[in-house]
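Just so it is clear: chains get the letters A, B, ... in the order the sequence lines come, proteins before strands, and each one is counted from 1. Just the heavy atoms: all of them, side chains too, but no hydrogens, waters or symmetry mates, feed the values below.
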Amino acid sequence: MSQHRDLRHLRPAVPDRPSLDGLETKWDQGWSAQGTYTFRLGTPRAEVFSIDTPPPTVSGSLHVGHVFSYTHTDIVARFQRMSGKEVFYPMGWDDNGLPTERRVQNYYGVRCEPSLPHDPDFVPPLEGGQPSAASQDSAASQGKAAKPAGPVPISRRNFVELCQRLSAEDEKQFEALWRHLGLSVDWTQTYQTIDRHARATSQLAFLRNLARGEAYQQLAPTLWDVTFRTAVAQAELVDRDQPGAYHRIGFARVDQTADAAKPADAAKPDPAASPDAAGRVYIETTRPELLPACVALVAHPDDQRYQELFGTRVRVPLFGTEVPVVAHPLAEPDKGSGIAMVCTFGDVTDVIWWRELHLPTRAILGWDGRVLPEAPMGVDSPAGRSAYAQIAGLTVFSARKRVVELLRDSGELVGEPQPITHPVKFFEKGEKPLEIIPTRQWYLANGGTDQALRRRLLARGDELTWYPDFMRVRYQNWVEGLNSDWLISRQRFFGVPFPVWYPVDQFGHPVHDRPIVPAEDQLPVDPASDTPSGYRPDQRGKPGGFIGDPDVMDTWATSSLTPQIATHWRDDQALHESTFPMDLRPQAQDIIRTWLFSTVVRAELEQRSLPFYNAAISGFILDPDRKKMSKSKGNVVTPMGLLEQHGSDAVRYWAASARLGTDAAFEPGQMKVGRRLAIKILNASKFVLSFLAAGAEGAGPLALDPARVTDPLDRSMLATLATVVATATEALEAYDHTRALEVTETFFWTFCDDYIELVKARAHGEAGPEGAACAQTALGLALAVLLRLFAPFQPFATEEVWSWWHHQGQSIHRQPWPTPGELVPDQAAAGDAGVLAVAGGVLSALRKAKSEAKVSMRAELASATVAVPAELTAAAVAAKADIMAAGRTAELVLAASGTETIDLLSATLSPSQ
RNA sequence: GGGCCCAUAGCUCAGUUGGUCAGAGCGCCACGUUUACACCGUGGAUGUCGGGGGUUCAAGUCCCUCUGGGCCCACCA
């Protein structure tokens, strides 16, 4: 060590032409090497700030919206770190679930066929979606996959291997982007939602839920996506407007008594009335193909038209089923004919009627969305069975067409179908309307059925601090609107399996109500390949043996545990206790109902606490048409391309200019401004450091003494900056990064345009050594503070400058956050904050004189008279020498005026001009 | 049907509890070879603060209403 006492030769020189180029790579490597952002294990909870980073879905590509919102979080992280907190800032990758499966199918040209055996030498037919895919852009390659021979069926294990292989590739690219953007993530704290630790955590939480009765199985009507052949949860529903048609169909009354029937039968059908004189009822339906699944007709109990019919039976056209006419308040008298057909199941209302009116089940759709081969109970007549045979095996679409033809032939269709557009429920990732199919599924209590739990969850929503606060309402609305528990099982492949087996009875059937669970220390398990204790592998599927639960968990069932996963609730008690509940959950507004809510549910059930104290909700990015920028549309700009084009600090500046919860326009103009700011920081710093190199050799940025600053203008500048520090700090503490940036930036431009110009001559020594030392110290103090104020926003430019200055190699991002006291140690002797403003105003007046005379700013003025508000003249006089030097004015008269503005009264150019 | 957010200069946006609040930046115009910076600097112009009511001594700022955007929720046969 001692042989390097003179470190000057190691000191990075201030470059002649500072540049932003290459700073991202340089400092990413520097920070990695120094472990600048590595979390120090063992820090007490009170000194930690922990962040529940959203794990991005690696199967998609990152877009500008991600860059936007992750920057917001990084600003918080950097501010907290500099404020003395040890920041726990992990990064997860959401590689679990359907999006990855779908991407793998397209990328490699395969599909999962669970019945196939594993092929250890399998080579996928495609790579990147096409054998010759030129584009690296995953979004572009999606959607036009594997035309040639169709996807190749492969085993579940092969499929999962491909999922993991592709995810790993994506994760590398994502990490590269985040590093380039300058996220101060601790890259030693990463996880994947499909990795061993996340699976074990998911399974452990589930087993605890099961033991406490919060998780349960139920055979029930389930919202079902026929394309993906899986159940979906309420939170994953979206309504989409679809074309459809009302079909008016007549139901004849079943003869009950001979005397009542006779005259009625004589009456002619009258489709205009319902019921008509013969007691025929006309319903309108958009789903005629569900006629064989009809179990009742329902009308409002107060509907006078149907009073006579309640309790009677009618016959379903074509299929001959006899169904009752029943009353229920959900039926709407003014909708259609006021009477509806109840099917098992056409929509969610059918489920309510079915449940509350104790109607029978007549399911006709299978998991693939096709009409089941066997007619349901009740379709017993030869004619009915014959009609059914004509639609068995058809898709819903084809069956509808066929039924309409049959109805038309039989004369039971009244008029022609009336086309309409109506909202239909879809799985948010699906392409076909959802069906409702009775299946056995796992549910988790979420307050949908348990009112006491719902109240607790609402209380947690109140307890949580929201930025901005109005986002709380979205949570409340969602929780208040829940009408069922959370369906967490999915009939998919790439996910966390349920850690459950079932005994197989003597007839070969699984006994679902006696699940076999593993011990907690065995997790994670895969019941499809692992054998429960007490059984032998060869007993799988055999009578008297066991069988694994075939399903995997909903991806939200894992990502709802990100706080528990990231803080290692399961396997590192010390880390968990020093980071949980976490301080911050940053996320997008559209997943409050899913991710945020489900995370609150899991922590409430497991820890009886909030999972995090603060939620910061970022808005969307809007494209120039004011529409949400989505992958399908706005993705012509890739995030990495943006960062390379403008520079990361510039893009961060744009992101930082938008407040939390507010949608922001994609605006390259703002990025150019941000780039200009970063360059300005480099250049202004170069100027300031040119004095300190000579005058304060060896002194670091924090070694300057404000007590040495005596000049009124200098003191005024420092006092003004002190208020900026106070304001920026307060704003950042309140998650208002926009305001912090704004006040800092505004001051910085004044600092550059006015202060630096005013003191330039003096700093060069033109007013003597004392004045020079004073100005130089003030410049240095201001720069040391400004750099730190900018550091969370512009981590690269500020770090670069810091390295020129502070040659011990300490990162600016571990420096203490600036305080007003560094600039104004003694409040009583604080400078007059007005001097800088007035001096700047007078200087502007002199510049205006030159601008109007169309001469260079360097031109000399022989004399000038400037009117200054009387109460400010003293302040102006205090800076008069600096003003004259900066304005190159030989004779300056400061005239006290009664006005409130600073005005140029007269100016005379020097004769030599 | 219910709820939330938004509407301020050509563009993107600030305007905290009603009283220098009519602002900033970009863009635009003019000028300037200025040793921190031409990825620059200096100066300048720009608005019935969506419409209409109301409260008040005073309203972008509070209340009502209308219009136009965006988003979320809902049991739309």
Scan Leu682(A) against the nucleic acid and name what it touches under 4.0 Å (heavy atoms): base, sugar-phosphate only, or nothing. nothing

Both distances below 3.5 Å, Watson-Crick or wobble geometry, any strand: find the nucleotide opposite C4(B). G70(B)

Nucleotide opposite C28(B) in a Watson-Crick or G-U pair, distances under 3.5 Å: G44(B)

Within residues 648-657 of chain A, residues whose heavy atoms come under 4.0 Å of RNA chain B: none

Salt bridge Lys680(A)-Glu745(A), side-chain N to carboxylate O under 4.0 Å: no

With sugar-phosphate meaning primed atoms plus P, OP1 and OP2, does Glu742(A) contact a base, only sugar-phosphate, or nothing at under 4.0 Å between heavy atoms? sugar-phosphate

Paired with U61(B) by Watson-Crick or G-U wobble geometry, both distances under 3.5 Å: which nucleotide is it? none

Below 4.0 angstrom from OP1 or OP2 of C71(B), is there any side-chain N or O of Arg474(A)? no

Does Lys672(A) put a side-chain nitrogen or oxygen below 4.0 Å from OP1 or OP2 of C39(B)? no

With a non-hydrogen cut-off below 4.0 angstrom, is Lys760(A) in contact with a base, only sugar-phosphate, or nothing? base

Check every strand shown and say whether Glu730(A) touches a base, only sugar-phosphate, or nothing at a heavy-atom separation below 4.0 Å. nothing

With a 4.0 Å limit, can you tell me whether Thr285(A) has a side-chain N or O closer than that to the phosphate oxygens OP1/OP2 of A77(B)? no

Mind checking Asp350(A) for me? I need base, sugar-phosphate or nothing, with any heavy atom below 4.0 Å counting as a touch. nothing

Is Gly338(A) touching bases, backbone alone, or none of the nucleic acid, heavy atoms closer than 4.0 Å? base

Polar-atom pairs under 3.5 Å, protein N or O versus N or O of nucleotides 45-47 of chain B: list them with distances, or write none.
none

Across the strands shown, which category fits Ala331(A) at heavy-atom distances under 4.0 angstrom: base, sugar-phosphate, nothing? base

Nearest-nucleotide 5' precedence on RNA chain B, Ala853(A) against Cys752(A): Ala853(A)

Starting from P on C40(B), measure out to NZ on Lys686(A) and report it in whole angstrom. 15 Å

Atom pairs, protein N/O to nucleotides 26-30 of chain B N/O, distance under 3.5 Å:
from: C26(B); atom 1: OP1; to: Arg676(A); atom 2: NH1; distance (Å): 3.4
from: C26(B); atom 1: OP1; to: Arg676(A); atom 2: NH2; distance (Å): 3.1

Let's test your reading of the model: under 3.5 Å, does the base of C4(B) pair with the side chain of Asn477(A) as donor and acceptor? no

Which of C72(B), G43(B), U34(B) is nearest the side chain of Ser844(A)? It is G43(B)

Closest approach to the side chain of Arg858(A), judged atom by atom: which nucleotide of C73(B), U35(B), A77(B) is it? U35(B)

For Lys335(A), which contact category applies under a 4.0 Å heavy-atom criterion: base, sugar-phosphate, or nothing? base

Quick one: on RNA chain B, does Leu237(A) or Asp347(A) contact a more 5' nucleotide (nearest heavy atom)? Leu237(A)

Touch class at under 4.0 angstrom, heavy-atom based, for Met857(A) against every strand present: base

Side chain of Asp753(A) - closest among C39(B), U42(B), A77(B): U42(B)

Asn483(A) vs C75(B): side-chain N/O to OP1/OP2 distance below 4.0 Å: yes

Residue Lys680(A), side-chain atoms from C-beta onward, closest of C13(B), G41(B), G44(B): G41(B)

Below the 4.0 Å mark, does A77(B) have OP1 or OP2 next to a side-chain nitrogen or oxygen of His422(A)? yes

Could you check whether Asp21(A) pairs with Arg675(A) (Lys NZ or Arg NE/NH1/NH2 to Asp/Glu carboxylate O, under 4.0 Å)? yes

Using a cut-off of 4.0 Å on non-hydrogen atoms, how would the nucleic acid contact of Arg847(A) be classed: base, sugar-phosphate, or nothing? sugar-phosphate

Touch check for Thr746(A), heavy atoms < 4.0 angstrom, all strands: base, sugar-phosphate only, or nothing? nothing

Identify whether any heavy atom of Arg659(A) sits under 4.0 Å from a base atom; if not, whether one sits that close to sugar-phosphate; answer base, sugar-phosphate or nothing. sugar-phosphate

Indicate the ring-plane relationship of His764(A) and Phe687(A), choosing parallel, tilted or perpendicular according to the 30° and 60° boundaries. perpendicular

In terms of relative ring orientation, are Tyr755(A) and Phe751(A) parallel, tilted or perpendicular, with 30° and 60° separating the classes? parallel

